[in-house]
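Since the structure comes first, as structure tokens, the remarks are kept for the end.
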Amino acid sequence: MDTLKQRKKWSMPSAFTILFFLIIFVAILTWLIPSGQYNTDKAGNIIAGTYKSLPAHPQGLWDIFKAPIEGMVGTATTEGSISVSLFILVIGGFLGVVNKTRALDDGISTTVKKFAGKEMIMIPVLMILFAIGGSTYGMGEETIAFYPILIPVMISVGFDSITAISIALIGSQVGCLASTVNPFATGVASQTLNISPGDGLLSRVVLLVLVTAISIGYVMYYAKKVKNDPKKSYVYDRREQDMKEFSISDSEIDVNLSKNQKWVLVLFLLSFVIMIAGLIPWTSLNPGWTVFETMTKNISKVPFLGNFIGHDFAPLGTWYFTEITTLFLIMSVVIMFVYHMKESTFIDAFIGGMNDFLSVAIIVAVARGIQVVMNNGFITATVLHAGEQGLSHLSSGIFITLTYIFYIPMSFLIPSTSGLAAATMGIMGPLGKFSNVSPSLVVTAYQAASGWVNVITPTSGVVMGALAIGHVDIVKWWKYIWKLMIILFVVSILFLVICTYI
């Protein structure tokens, strides 16, 4: 009888199934929503007021199954996820090599002992760091590398996998919510409106401090509940399985790191420091901060050394996924030599690590397929046109509130922050002028909505990838986070409305 009940028990579909059903749903919308298109300028930005209807272009069965493929390789209207997916795979290989040395396992054990009795300190410190990353350079996909590290640590000190996911996912995305100089959100949006990314910077710093503090308090409250009573965890049913899978033991572990393991940990940390330094757009923050460009130029002129390193080496501050993927490949090889690892052992560890992250890499492509269907069905412009028609000639407070609300479904449909900014800011910015709303505040509203959605949307490869690593289904994630989402929603609207009167 118990076996029969277990068979009838409903289980949550996988991330792949959820995303594929969303692709089908959006494809159905292409049969119901009229097709349309905006004229664009030479830079590809939409020109407001130029919407025109097009013949219907509904997406059929072939298009549905083709969408994840095009989500990976890209189309003329949708950038492919291949660079992000490859980065995830190489990160997996890098972690596979590091894990083979057991430097992380033994390092985690040492960390647990060090923070015994003060584990709660880790949460605000780490969340602030992730929030800074999200606010300055749009940290998102890069957090994927941290979950395999954070989950064992958090479980070891009595928390759970949701706490670990919260630290990186919520931390980075509330940073994106209050982006200060994020080139992929603030930069693209400001450039579209022909304003400086520094416009509205002070107000966004205030918002960053506010939402980060609220989020830290929320995560710490939940973590404390779980530590006091593990049954309060939303993933309590997986607790024993998680402790085994992530090699966690309740007993105190006395470990002494070897000299080679310590060097591996140094290289491991150095990899992420270099990655962050490479991604932050230093010259965008301050035109005078050209030290990395100057250094790279001078090194390239040194006889032999310039040729040895490579003249195409990009200076720190100009890196993107190609460069950071290359970085982790190089560091994997360096760790192999430092740890004196055999070539065959290295290859097995690297390929094994990539295999562990294969599903995460594919999820990113499937999620991008939703955007492919929208663009190929020419319904994106129609949705934008509805916003253009409905948001003009309103008071400043109502306009900025509706703008924020408008960007919530748009962020769900277009997960790419830069793509959403380029597609809509040319419309929403000018509309704000009719209601005496500054362009910089429109940028803040767009960022706040985008960051809010990026914590919960199943169309985001970052969200689904993080949950896949932690073995947390999205319904449980929603049950855990819905109260925080309401708080952030209300706080964001109140902040935006107040800013219209300042």
Side-chain angles (χ1 to χ4, degrees), residues 12-33 35-37 44 54-93 140-142 144 184 320-322 324-326 328-329 351 353-383 410-420 422-423 453-454 457-469 474:
M12 182 66 187
S14 68
F16 292 100
T17 302
I18 293 173
L19 291 171
F20 196 74
F21 274 119
L22 285 173
I23 291 175
I24 294 173
F25 175 72
V26 173
I28 293 173
L29 291 182
T30 64
W31 290 72
L32 304 175
I33 298 176
S35 298
Q37 193 174 43
L54 293 177
H57 200 269
Q59 299 294 284
L61 188 63
W62 176 265
D63 303 301
I64 290 172
F65 280 93
K66 188 174 63 169
I69 310 301
E70 293 187 329
M72 177 67 82
V73 300
T75 67
T77 56
T78 308
E79 183 181 358
S81 68
I82 182 65
S83 59
V84 178
S85 295
L86 184 58
F87 168 69
I88 291 171
L89 290 176
V90 172
I91 274 286
E141 289 87 351
E142 300 86 354
I144 294 293
F184 310 111
Y320 201 48
F321 281 104
T322 298
I324 60 177
T325 303
T326 304
F328 282 102
L329 179 60
I351 298 300
M354 292 179 74
N355 183 62
D356 291 339
F357 279 71
L358 180 60
S359 62
V360 181
I362 300 301
I363 280 175
V364 175
V366 177
R368 190 66 59 87
I370 298 170
Q371 186 179 344
V372 169
V373 171
M374 279 195 67
N375 291 340
N376 289 350
F378 294 99
I379 64 171
T380 303
T382 305
V383 175
M410 291 308 303
S411 299
F412 174 83
L413 295 171
I414 309 176
S416 168
T417 53
S418 56
L420 180 58
V453 168
N454 285 342
T457 175
T459 65
S460 168
V462 178
V463 173
M464 301 308 288
L467 297 181
I469 294 172
I474 196 165

I362 and M72: side-chain contact (heavy atoms from CB on, under 4.5 Å), yes or no, with the steps? CA-CA 8 Å; I362 300 301; M72 177 67 82; 4.2 Å; yes
Just verifying a value: how many Å separate [X] [atom1] and [Y] [atom2], rounded to the nearest 0.5 Å?
{"X": "T325", "Y": "L86", "atom1": "OG1", "atom2": "CG", "result": "5.5 Å"}
{"X": "I64", "Y": "F20", "atom1": "CD1", "atom2": "CZ", "result": "6.5 Å"}
{"X": "I24", "Y": "F65", "atom1": "CD1", "atom2": "CZ", "result": "7.0 Å"}
{"X": "T17", "Y": "L22", "atom1": "OG1", "atom2": "CG", "result": "11.0 Å"}

Considering all heavy atoms, the nearest [X]-[Y] contact:
{"X": "V462", "Y": "I144", "answer": "O-CD1, 4.1 Å"}
{"X": "A56", "Y": "S35", "answer": "CA-OG, 3.6 Å"}
{"X": "P458", "Y": "M464", "answer": "O-CG, 3.3 Å"}
{"X": "S85", "Y": "A365", "answer": "OG-N, 4.4 Å"}

Knowing that exactly one of I28, V373, V372, D63 qualifies, which makes a side chain to side chain contact (heavy atoms under 4.5 Å, CB included) with I23? V373
N/O donor-acceptor pair under 3.5 Å between S411 side chain and V453 backbone: no
With distance as the sole test, does T457 use its side chain to make a donor-acceptor pair with the main-chain N or O of N454 at under 3.5 Å? no
L358 and L89, any side-chain heavy atoms less than 4.5 Å apart: yes
Determine whether N376 and E70 make a side-chain contact, defined as any pair of heavy atoms from C-beta on separated by less than 4.5 Å. yes
Where does the angle between the aromatic ring planes of H57 and F378 fall among parallel (under 30°), tilted (30 to 60°) and perpendicular (over 60°)? perpendicular
